[in-house]
Engineer: 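Next up is a structure, given as structure tokens.
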Amino acid sequence: MIKTAARSLRKDLDRAGFFWIVFVLSSMFMFMFFHLAMSDAIGVTFINSSNDLPTYLTVFNVGLCIVVIFLANDFYVKKKSGDLAVILICGGTYGQLVEFLLFQTGILMVLSIPAGIGLGYLCFPVLGMLFKSMSGCEVHLSFGLQSVTLTACVIILEVFWCTMLNLGYSYRNSILTLLKGQEKIKLKTPKGLTAPGVRWVYPALYFGCAALLYTCENAPEQMVFWGFAGTAAMWGMINKTVVPWLERSVPEKWIHDGDKLVYMGLFREDLKMARLYIGLFIFTANILCALMAGTIQNSGEFMLCLLSFAILIPLLSLSLMFRFATEAAGRKKQFITLSRVGYTHEQLRRIKNRELLCLYGFITAVSLVYILNILTALGIFHLIPGKIGAVIVLLFVGSMAVCGVINSIQTGIWHNRGEN
């Protein structure tokens, strides 16, 4: 069984590599942030802490890293459902499934932990210089027993729960459900029960909550509430407005444009996957920008919030990149079919690039509606300097652009392999 797992891992090395990178960077960030937060300059202790904001911020950052790892692990394992079904069809037992999954995910996690800790340690001097140059506070980063212990506890906990979730997934699914992968039974609301104007309520709420950010004045904590409301409205807008519009437009408006018909159909499916990441982007930006506004007078805490944004947003972008790369790797049969019915290599390349442009462009635009309005409102109230706002926008747009380019290069490589 170990040989079978190793063969499956080699066959799917690109996807495994993306999963490994997400785990390495998450472990690296947790290791760095624990040491930074518990340094003398910040003073987080988690025991009778006199500095509540950095404590809550540390918990928030570590919690988000764990969520990112769980999302990557969940999607990686579900894409292995076909291999699990084959093992069952060939007479494999549950114990053999356990052995297969433990080797597949366990080896990736074990290899990522020392890599993440090592990279985090190498970044200590750079992090210290950056913190001092931007906040004026001297911070000395070195191995600390409490920081190492907390990092180890969090990593062990997430490895344990990822393993339990993986084993539970293989145990509760039959051969049929494993072969179908992520396919689910969808309950559709009868058309007669859906009011025509309901689909416009969600966009109105989404943009309305963004406008209400300007009413918060000197109470940035109120922006968090409108950010939550806007995230909920965004979810409904994608489900009830954007996706249904694409479902109507694809067969009607673009039937004579073969390229657009394909990439807009793919974009429609991508949106169902991306809505969770859009919510995480808005949620994270909203929380951290509000915290930055509340700590503008404390350079150490302000810098801690800015560093959190500078690391969490790229981490979420990488998670999105991994998710899209995994989806794209599973579309090999569809693109082979398109090539057989007459689509050229150049057309398929153009379709993939335009799908990526639509996906990343939509996520960037929808997220910036809140990020830009939050920063503008905070700038009007003199709670965040304009330069910091520009840095935040550049970090977000740059992270999305880099991940989009990497996805484009990666899908091009997979397509060339498929042709060969």
Side-chain angles (χ1 to χ4, degrees), residues 14-15 18 21 75 203 206-207 234-235 237-239 241-282 285 313-332 334-339 343-372 392-419:
D14 291 332
R15 190 181 299 168
F18 276 118
I21 290 171
F75 205 66
Y206 181 75
F207 290 103
M234 174 277 302
W235 195 277
M237 181 176 68
I238 291 177
N239 284 341
T241 307
V242 179
V243 171
W245 178 79
L246 288 172
E247 288 175 344
R248 293 191 305 271
S249 298
V250 166
E252 294 177 3
K253 294 184 179 180
W254 304 315
I255 192 64
H256 300 296
D257 188 342
D259 289 4
K260 194 170 187 179
L261 184 68
V262 175
Y263 72 73
M264 291 303 289
L266 294 173
F267 170 59
R268 178 190 62 203
E269 297 304 312
D270 292 336
L271 276 185
K272 299 174 184 178
M273 167 272 294
R275 59 191 174 188
L276 173 61
Y277 292 92
I278 301 173
L280 286 174
F281 281 126
I282 296 174
I313 293 300
L315 184 62
L316 287 171
S317 301
L318 283 170
S319 180
L320 171 65
M321 182 184 73
F322 166 73
R323 180 70 182 267
F324 179 84
T326 306
E327 290 280 1
R331 292 174 178 168
K332 182 178 178 181
Q334 289 91 323
F335 280 95
I336 290 175
T337 302
L338 289 174
S339 65
Y343 279 83
T344 65
H345 172 77
E346 180 62 26
Q347 282 180 299
L348 295 178
R349 185 188 63 80
R350 187 166 59 245
I351 285 170
K352 291 176 181 179
N353 287 336
R354 289 182 178 176
E355 176 197 359
L356 279 167
L357 184 62
C358 289
L359 175 63
Y360 279 93
F362 181 86
I363 295 173
T364 302
V366 171
S367 302
L368 281 178
V369 168
Y370 273 74
I371 293 175
L372 286 176
I392 290 172
V393 173
L394 286 175
L395 282 170
F396 176 76
V397 175
S399 299
M400 298 299 292
V402 169
C403 290
V405 170
I406 294 174
N407 271 148
S408 178
I409 295 171
Q410 188 66 54
T411 53
I413 292 173
W414 284 337
H415 178 64
N416 291 334
R417 286 180 185 172
E419 285 193 336

Engineer: Within a strict 4.5 Å, meaning less than it, do heavy atoms of the Leu395 and Ile313 side chains meet?
Structural biologist: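 A side-chain contact under 4.5 Å is absent here.
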
Engineer: If we only count heavy atoms from C-beta on, is the Phe322 to Ile21 side-chain gap below 4.5 Å?
Structural biologist: no

Engineer: Which atoms form the tightest heavy-atom contact between Asp270 and Phe324, and what is the distance?
Structural biologist: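 Closest approach of Asp270 to Phe324, heavy atoms only: OD2-CE1, 3.7 Å.
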
Engineer: Quick one: CE on Met234 to CG on Asn239, what's the gap to the nearest 0.5 Å?
Structural biologist: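 Atom-to-atom, Met234:CE and Asn239:CG are 9.5 Å apart.
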
Engineer: By side chain to side chain donor-acceptor pair (under 3.5 Å), which residues pair with Arg354, not counting sequence neighbours?
Structural biologist: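 Here no residue qualifies.
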
Engineer: Using atom types as modelled and distance alone, determine if a side-chain donor or acceptor of Ser408 lies under 3.5 Å from a backbone N or O of Gly404.
Structural biologist: no

Engineer: As an exercise, state the distance from OG of Ser399 to CG of Leu320, rounded to the nearest 0.5 Å.
Structural biologist: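 Between atom OG of Ser399 and atom CG of Leu320 there are 11.0 Å.
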
Engineer: Identify the two heavy atoms, one from Ser317 and one from Met400, that lie closest to each other, and give their separation to 0.1 Å.
Structural biologist: OG-SD, 3.6 Å

Engineer: Can you find a heavy atom in the side chain of Leu357 that is under 4.5 Å from one in the side chain of Asn353?
Structural biologist: no

Engineer: How many angstroms lie between CG in Leu359 and CZ in Arg268, if you round to the nearest 0.5 Å?
Structural biologist: 14.5 Å

Engineer: Could you pull out all residues at least two apart from Tyr206 that satisfy ring-ring contact (aromatic ring centres under 6.0 Å, His included)?
Structural biologist: Tyr370

Engineer: First locate atom CG of Leu271, then atom CG of Leu266, and finally report the distance between them rounded to the nearest 0.5 Å.
Structural biologist: 11.5 Å

Engineer: Without placing hydrogens or testing angles, list every side-chain donor-acceptor pair under 3.5 Å for residues 360-367, not counting sequence neighbours.
Structural biologist:
{"unit_1": "Tyr360", "atom_1": "OH", "unit_2": "Asn407", "atom_2": "OD1", "d": "2.5"}
{"unit_1": "Thr364", "atom_1": "OG1", "unit_2": "Tyr360", "atom_2": "O", "d": "2.7"}
{"unit_1": "Ser367", "atom_1": "OG", "unit_2": "Ile363", "atom_2": "O", "d": "2.8"}

Engineer: Does the distance from a Lys or Arg side-chain N to an Asp or Glu carboxylate O, for Glu269 and Lys272, drop under 4.0 Å?
Structural biologist: yes

Engineer: Looking only at heavy atoms, which two atoms of Met264 and Cys358 are closest? And how far apart?
Structural biologist: SD-SG, 4.0 Å

Engineer: Roughly how far apart are Leu246 CG and Phe267 CZ, rounded to 0.5 Å?
Structural biologist: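 Going from the CG atom of Leu246 to the CZ atom of Phe267 covers 6.0 Å.
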
Engineer: Out of curiosity, Leu356 CG to Lys352 NZ, how far, rounded to the nearest 0.5 Å?
Structural biologist: 10.0 Å

